Amino acid sequence: MAELKTTRSDSSVDDFLDSVDNQTRKRDALVVRDLMSEITGEKAEMWGTSILGYGRYRYTPKGGGAEHEWFKVGFSPRKASLTFYIMDGFSEYDTLLGQLGSYSTGKSCLYIRDLDEVDLVVLRELITSSVAAVDGRNRQA
């Protein structure tokens, strides 16, 4: 079984955020850093070289294999957009996504180009619901 490429690191969150060149992305990342800390009650930790993760949980991949540690929710200020890692996916969030504003999604990724184009109250609710779902799933395990 292959090891995960992205793991928790001791790199500085502040140094990473200071290195973000795009000023809109940096501004938005600072807002999201504080928002996620408030929601989770956790400080951001670096995962890999470019993801800020909040909280931790352990999981075993659906196909089996070794148990892994991962963050409950996270984000990265990528070049094209802020990428949010919503660990329980989006199948339960149609109503919230309909109210969010301008975004796109992948399997567990939410892409937002500019926080000014979304409703932060809805984003907060989406993140809060996702963290609660991860916590609930891990209590049942």
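Fair warning: this is a prediction, and the values are worked out from it, not measured in the lab. Positions are given from 1, in the same order as the sequence printed here.
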*Linking I/L/V/M/F/W/Y whenever any side-chain heavy atoms sit under 4.5 Å apart, do Val134 and Phe90 land together?*
no

*Give a yes or no answer on whether the side chain of Gln23 reaches the backbone of Asp21 with a donor-acceptor pair at less than 3.5 Å.*
yes

*Return the set of residues passing side chain to side chain contact (heavy atoms under 4.5 Å, CB included) with Asp14 (not counting sequence neighbours), or none when no residue passes.*
Ser12, Arg33

*Is there a path of hydrophobic side-chain contacts, each under 4.5 Å between heavy atoms of I, L, V, M, F, W or Y residues, that connects Val20 with Leu52?*
no

*State, to 0.1 Å, how close Ala44 and Val13 come at their nearest heavy-atom pair, and which atoms those are.*
O-CG2, 3.5 Å

*Of all the heavy-atom pairs spanning Leu17 and Pro77, show the shortest one and how long it is.*
CD2-CG, 4.4 Å

_Measuring from atom CD of Glu125 to atom CG of Leu120, what distance do you get when rounded to the nearest 0.5 angstrom?_
13.0 Å

*With rounding to the nearest 0.5 Å, note down the distance linking CG in Leu123 to CG in Leu115.*
7.0 Å

*Using salt bridge (charged side-chain N to carboxylate O under 4.0 Å, His left out) as the criterion, list what pairs up with Asp114, not counting sequence neighbours.*
Arg27

*N/O donor-acceptor pair under 3.5 Å between Ser37 side chain and Glu42 backbone*: yes

*Is it true that the side chains of Tyr57 and Asp135 contain a donor and an acceptor less than 3.5 Å apart?*
no

*Heavy-atom pair with the smallest gap, counting every atom of Met87 and Lys72*: CG-O, 3.0 Å

*Start with the C-alpha distance between Ser81 and Thr83, add both sets of side-chain angles, then the distance that settles side chain to side chain contact (heavy atoms under 4.5 Å, CB included), and finish with yes or no.*
CA-CA 6 Å; Ser81 63; Thr83 301; 4.0 Å; yes

Only distances under 3.5 Å count here; give the side-chain donor-acceptor pairs of residues 96-105 to other protein atoms, sequence neighbours excluded, each with its distance to 0.1 Å.
none

*Please report the shortest heavy-atom distance between Ser130 and Ile86, naming the atom on each side.*
OG-CG2, 3.3 Å

*asked:* Please report the interatomic distance OH(Tyr54) to CD1(Ile39), rounded to the nearest 0.5 Å.
replied: 9.5 Å

*Roughly how far apart are Glu45 CD and Ser11 OG, rounded to 0.5 Å?*
11.5 Å

*Kindly indicate whether the side chain of Phe84, heavy atoms from C-beta on, has any atom under 4.5 Å from the side chain of Val73.*
no

*Report the residues that fulfil salt bridge (charged side-chain N to carboxylate O under 4.0 Å, His left out) with Arg113, sequence neighbours left out, ordered by chain and then residue number.*
none

_Using the side chain to side chain contact (heavy atoms under 4.5 Å, CB included) criterion, which residues pair with Ser76? Sequence neighbours excluded._
Ser50, Ile51, Arg78, Tyr85

*Is Phe16 reachable from Leu82 through a run of hydrophobic residues whose side-chain heavy atoms are each under 4.5 Å from the next?*
yes

_Straight-line distance of Asp88 CG to Ser129 OG, nearest 0.5 Å_ = 8.5 Å

*Got a sec, which residues hit salt bridge (charged side-chain N to carboxylate O under 4.0 Å, His left out) with Arg25, two or more places apart in sequence or on another chain?*
none

*Hey, is CD on Glu92 packed in by over 12 heavy atoms from elsewhere, all under 6.0 Å?*
no

_To check you understand the geometry: which heavy-atom pair defines the closest contact between Trp47 and Glu69, and what is its length?_
CZ3-O, 3.7 Å

*Give the minimum heavy-atom separation between Tyr93 and Ala133, together with the two atoms involved.*
OH-CB, 4.3 Å

*Can you get from Phe75 to Val122 by hopping between Ile, Leu, Val, Met, Phe, Trp and Tyr side chains that sit under 4.5 Å apart?*
yes

*Rounded to the nearest 0.5 Å, how far apart are CD1 of Ile112 and CG of Asp116?*
11.5 Å

*Carefully, step by step, assess Leu110 and Leu126 under the rule side chain to side chain contact (heavy atoms under 4.5 Å, CB included).*
CA-CA 10 Å; Leu110 174 71; Leu126 178 67; 3.7 Å; yes

*asked:* Is there a continuous path of hydrophobic side-chain contacts, each under 4.5 Å between heavy atoms, that joins Leu35 to Phe71?
replied: no

